[in-house]
Amino acid sequence: QVQLVESGGGLVQPGGSLRLSCAASGSIFKIGSMGWYRQAPGQQRELVASISRSGSTNYADSVKGRFTISRDNAKNTMYLQMNSLKPEDTAVYFCNAAYQPDNWGQGTQVTVSS
């Protein structure tokens, strides 16, 4: 199975931006739809954005208009561009298949605070 490693998280001020990367050990094309998930302290893990192999995207209402998901099949990498960040976006972010999630990785911490 394809292994996924998240990176790019960090501390950012409200209104700032971050770009998260999800690097795969193999081809992500065969995965199909992929997604970015997040889990805030004391909260359930939620799917915030997904993208099909052809580039069709969907977003949770809470991030729509602020986040952009993309994938580069040639580079076997998926991205999440996060703009206009809010403190409520603070969470550990994970990447995985959108419909048939495999084992979860370590994730990358995003903290939005002034």
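Every heavy atom of this structure was used, including side-chain atoms; hydrogens, water molecules and symmetry mates were not. Numbers here are sequence positions counted from 1.
Put simply, Tyr79 and Ile28 are part of two different groups of oily side chains (I, L, V, M, F, W, Y) that touch within less than 4.5 Å, one to the next.
For Asp61, the side chain to side chain donor-acceptor pair (under 3.5 Å) partners two or more places apart in sequence, or in a different chain, are Lys64. Checked against side chain to side chain donor-acceptor pair (under 3.5 Å), Thr77 has no partners two or more places apart in sequence or in another chain. Residues satisfying the side chain to side chain donor-acceptor pair (under 3.5 Å) test with Arg66, not counting sequence neighbours, are Asp89. With sequence neighbours excluded, the residues forming a side chain to side chain donor-acceptor pair (under 3.5 Å) with Arg19 are Gln81, listed by chain and number.
Judged purely by atom type and a 3.5 angstrom limit, Arg71 uses its side chain to pair as donor or acceptor with the backbone of Ser52.
Glu6 and Cys95 get closest at one heavy-atom pair: OE2-N, 3.0 Å.
For residues 56-91, there are no disulfide (SG to SG under 2.5 Å) pairs, not counting sequence neighbours.
Here the options are Leu20, Asn83, Leu85, the test is side chain to side chain contact (heavy atoms under 4.5 Å, CB included), and the partner is Phe67; only Leu85 passes. Across Val63, Thr108, Thr90, a single residue satisfies side chain to side chain contact (heavy atoms under 4.5 Å, CB included) together with Arg38, and that is Val63.
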Chi angles and distances behind the side-chain contact (heavy atoms from CB on, under 4.5 Å) call for Met78, Leu4: CA-CA 10 Å; Met78 184 175 65; Leu4 305 171; over 6 Å; no

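Side-chain heavy-atom separations under 4.5 angstrom define the hydrophobic clusters, and the remaining members of the one that includes Phe94 are Tyr37, Leu47, Val92, Trp104.
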